[in-house]
S.K.: 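Pasting a structure here, questions to come.
Residue numbers start at 1 and run along the sequence shown.
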Amino acid sequence: MVRFRWLQSVQRIRWDRLKDSLRVPQGQLFTEGTSTQWINQDLAPTPPEERKWNLWTFAAFWTAHASDATAWTAGSATVALGLTWWQAWLALNVAHIIGTILIVANGRMASRYHVGFPVCARVSWGMWGSYVAVSMRAVICIIWNGVNTFYAGRLVDVCLQCIWPSWALVANTLPDSAGITTRELTGFLIAWFIFQCLTFIHPRDLKWFYIAKSVIVLSAMHGILAWWMRKNGGVHFPSQDNNQLSGATRGWLWMQAFNSGFGAISSLTVNQADIARYATSPSDQLWGQIFVFPLASALPGLFGVLVASASQEMYGAPLWNLWDVTQKMLDQYPQNSGARFGIFLAAASMALALIGVNLATNCLPFGSDVSALFPKYMNIQRGQFLCCLLGLAIAPWKILRNGTTFLAFLAGYGYWLAPVAAILFVDYFCIQHGNIVTAELYNGKAGGLYWYSRGWNIRAPIVTVLALVPCLPGFAWSISDTVDISLNAAHLSTLSFILTYAIAALMYWASYRIWPKTPTTQVNQHFEFLANAVDEEVSIELVDIEKSDKLSIRESV
C-alpha cells in the first residue's frame with residue numbers, strides 16, 4: 001500500500017513537471033494578482049522594444065498583401081458578371097477604399113494600447129463573451145489556411161515543371177477518391193513545409209520579409225502582364241454596345257462585384273488588431289496603409305482583367321487563376337531554359353505571396369486566438385504551428401473539389417465576421433470614447449470593468465445574431481440548390497458584408513442609447529485621454545532609464 005502511494009506521488013510529480021515544462025511565459029505586466037486564465041506574454045501589451053513596425057513596414061506589408069492571387073482572380077472574374085471592364089474594376093476599388101477605412105479604424109485601439117484582437121474583444125464582449133468572437137475567427141482561419149496552401153501548391157507544381165520538364169509526365173498513383181493527384185499532393189506538401197518553417201518566426205520579426213515580398217511579388221506581376229501583352233499585341237476589349245442590361249440589373253451586378261471586392265479584405269477588419277499592436281506609433285498604422293492599400297490592390301485587379309481578356313482573344317477562353325496563367329506560359333517553351341527560369345521566378349513569387357498572406361491573415365490571427373483560449377500552454381508561435389498542421393489535416397483539396405457550396409461558404413467569411421468588426425468599431429469610438437483601462441482587460445473577477453454580467457456583455461452576442469438574420473436566406477441559397485427564396489432576398493446576399501456591418505453597428509449603438517452603461521471615471525474625459533496618459537508615463541520611464549544608464553556609465557568611468 002505504501003509502495004502504491006509512493007508510485008502515485010512520483011507519477012504526480014512527473015506530470016506536474018511535464019505541465020510546467022509546457023507552460024509559456026506569462027508576461028511581466030499585470031501578472032501580480034491576475035489569473036493566468038487571462039494573460040501570457042503574447043496577450044500582455046506589446047512592450048516598447050517590440051513595437052518595430054513603422055510607416056514603411058506597414059506600407060510594404062499592405063503592398064505585399066494586396067499583390068496576391070486572390071486580388072488578381074477577383075479582377076478577372078467580375079468581368080464575367082456582364083459589366084464592362086471599367087465598371088467591374090471600379091466596383092472592386094470602391095470596396096477596397098471603404099474596406100481600408102474600416103481596417104484602419106479597427107486597428108486604432110490596438111495601435112494605442114498595443115493589444116491584439118482577443119484582448120480588444122474583451123472590452124465589447126466581456127471577459128468570457130470574448131471567447132465567442134475568438135472562436136468564430138479561429139475556425140475560419142484553419143479553413144482558409146489550408147485552401148491558400150493548396151493554391152500555393154498548384155504554383156509549386158508549375159515551378160517543378162520549370163526545373164524538371166519530365167515532372168509534367170509523372171503518372172497519378174492516387175485513387176480518384178483521394179480528390180488530388182500525385183503531382184498536386186507533392187506541390188501542396190512542399191508549399192506546406194516551407195510555410196510550416198516560417199511559422200516558427202514571431203510575426204513581429206517579419207518586418208524585412210514583407211518589405212522584400214512587396215518588391216518581389218509586384219515585379220513578378222508586372223512580368224506576367226508584360227508577357228501576355230507582348231504575346232497578344234496588347235488587349236482589345238469587346239464592344240459593349242450590344243449590352244442591353246437594364247439600369248436595375250446593372251446596378252445589382254455592380255453591387256455583386258462590389259461585395260466580391262469586400263470578400264478578399266473583409267476579414268482584415270477583424271484581423272488588423274493583431275498587426276497594429278506592433279506599430280511604433282498610431283500614425284504609422286494610419287498613414288502606412290490608408291493610401292497604400294487601395295492603390296496596391298487596384299493593380300492586381302486590373303492586371304487580372306487585362307490578362308484574362310488577352311487569353312480570351314488568344315485561346316478562346318479566359319484564364320482566371322495565376323496557376324493556369326503561368327502553366328499556359330510554360331507550355332509555350334518546352335525547350336527554352338531561359339524562359340522556363342523566368343516563369344519559375346514568376347510562379348515562385350506568387351506562391352510566396354500566398355504563403356505571406358497566410359501568415360498574416362490566418363496563422364497570426366489563429367495564434368492570437370488559441371493564445372487567448374489556452375493562455376497557459378499556447379502562444380502565437382505555437383498557435384501558428386498548430387494552424388498549419390490543422391490546415392493539412394482538413395484535406396483542403398477535397399473541400400475545393402467536392403462542390404461549389406463550400407466555396408460559397410468561404411466567400412461568406414466577411415459576412416460572418418461583419419458583426420464582430422462593427423461591434424469593435426462602435427464600442428471603441430462611440431461607447432468607450434477611446435479610453436480603455438488596460439489593467440482591467442486582464443481582470444477576470446466579478447466587479448471588473450469589463451466583467452459586465454457574469455463575464456458577458458450580452459449586447460454583443462444578441463446583436464451579432466440579429467444582424468446576421470436579414471442576409472441569412474440569401475447566404476443559404478448561395479450554398480444550396482434546394483433553398484428557394486424570393487428575388488429580393490437573393491439580392492440581399494449581394495450586400496451581405498456592408499449591410500450586416502451597418503445593421504450591427506446601428507443596433508449596438510442603439511442598445512447603449514436605450515440601456516446606458518454604468519458611469520465610470522473615464523466617461524467624461526476627452527477622446528483617448530487614458531491612452532495619452534499611458535504614453536506620457538511610458539516616455540517618462542524611458543527617459544529615467546536613459547538617465548540612469550548615463551549616470552552608471554559616468555560612475556564607472
Side-chain angles (χ1 to χ4, degrees), residues 52-75 148-163 187 190-201 203-230 264-265 268 275 288-289 292-304 306-307 321-327 329-330 333 337-364:
K52 302 178 180 180
W53 286 46
N54 57 27
L55 183 150
W56 300 109
T57 309
F58 279 102
F61 170 81
W62 286 107
T63 300
H65 181 84
S67 306
D68 71 336
T70 303
W72 182 293
T73 306
N148 280 341
T149 306
F150 177 71
Y151 282 170
R154 294 290 300 273
L155 288 165
V156 170
D157 178 68
V158 176
C159 292
L160 293 176
Q161 294 178 65
C162 293
I163 301 172
I190 293 173
W192 175 85
F193 177 76
I194 297 172
F195 182 37
Q196 189 73 284
C197 292
L198 288 174
T199 61
F200 288 101
I201 305 174
R204 65 170 176 264
D205 300 323
L206 290 173
K207 171 182 176 179
W208 293 108
F209 170 78
Y210 286 111
I211 292 176
K213 176 174 171 283
S214 64
V215 176
I216 294 171
V217 173
L218 270 181
S219 300
M221 282 191 166
H222 281 85
I224 294 172
L225 176 68
W227 186 92
W228 281 93
M229 294 300 98
R230 187 173 184 275
I265 66 170
L268 299 173
I275 302 169
Q289 58 196 40
V292 173
F293 184 71
L295 292 174
S297 62
L299 287 178
L302 178 60
F303 289 3
L306 295 175
V307 171
N321 298 319
L322 274 164
W323 42 91
D324 292 331
V325 168
T326 52
Q327 181 68 60
M329 293 168 64
L330 181 62
Y333 304 100
S337 58
R340 301 177 77 86
F341 178 70
I343 297 169
F344 169 83
L345 293 178
S349 299
M350 298 317 304
L352 177 68
L354 284 162
I355 290 174
V357 168
N358 243 358
L359 282 170
T361 60
N362 295 314
C363 277
L364 171 57

S.K.: Should T57 and K52 count as side-chain neighbours, where that means a heavy-atom distance under 4.5 Å?
M.R.: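 Not in contact.
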
S.K.: Quick one: closest heavy-atom pair of A191 and V156, and the distance?
M.R.: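 Where A191 meets V156 most closely, the heavy atoms are CB-CG2, 4.0 Å.
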
S.K.: Tell me, do W228 and V325 make a side-chain contact under 4.5 Å, heavy atoms counted?
M.R.: yes

S.K.: Compare every heavy atom of R340 with every heavy atom of Q161, then report the nearest pair and how far apart it is.
M.R.: O-NH2, 2.6 Å

S.K.: Would you say the side chain of I190 lies within less than 4.5 Å of the side chain of L160, judging by non-hydrogen atoms?
M.R.: yes

S.K.: Is any side-chain heavy atom of W192 closer than 4.5 Å to one of Q196?
M.R.: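 Yes, side chains in contact.
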
S.K.: With heavy-atom distances below 4.5 Å as the criterion, would you say the side chains of L364 and L359 are in contact?
M.R.: no

S.K.: One pair to check against side-chain contact (heavy atoms from CB on, under 4.5 Å): W323 and M350. What are the steps and the verdict?
M.R.: CA-CA 9 Å; W323 42 91; M350 298 317 304; over 6 Å; no

S.K.: Can you name the nearest heavy-atom pair linking Q327 to D157, along with the distance?
M.R.: OE1-OD2, 4.5 Å

S.K.: Calculate, to the nearest 0.5 Å, the distance between atoms CD1 and CG belonging to I194 and L352 respectively.
M.R.: 9.0 Å

S.K.: Tell me every residue that passes side-chain contact (heavy atoms from CB on, under 4.5 Å) with A346, counting only those two or more places apart in sequence or in another chain.
M.R.: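 side-chain contact (heavy atoms from CB on, under 4.5 Å) check on A346 returns I224.
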
S.K.: Closest heavy-atom contact between I163 and F344?
M.R.: CD1-CE1, 3.8 Å

S.K.: Looking at every heavy atom in both F195 and T149, which two are closest together, and how far apart are they?
M.R.: CD2-OG1, 3.8 Å

S.K.: Ignoring hydrogens, what is the shortest heavy-atom contact between V158 and L330? Give both atom names and the distance.
M.R.: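 Closest approach of V158 to L330, heavy atoms only: O-CD2, 4.0 Å.
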
S.K.: R154 side chain to L322 main-chain N or O, any donor-acceptor pair under 3.5 Å?
M.R.: no

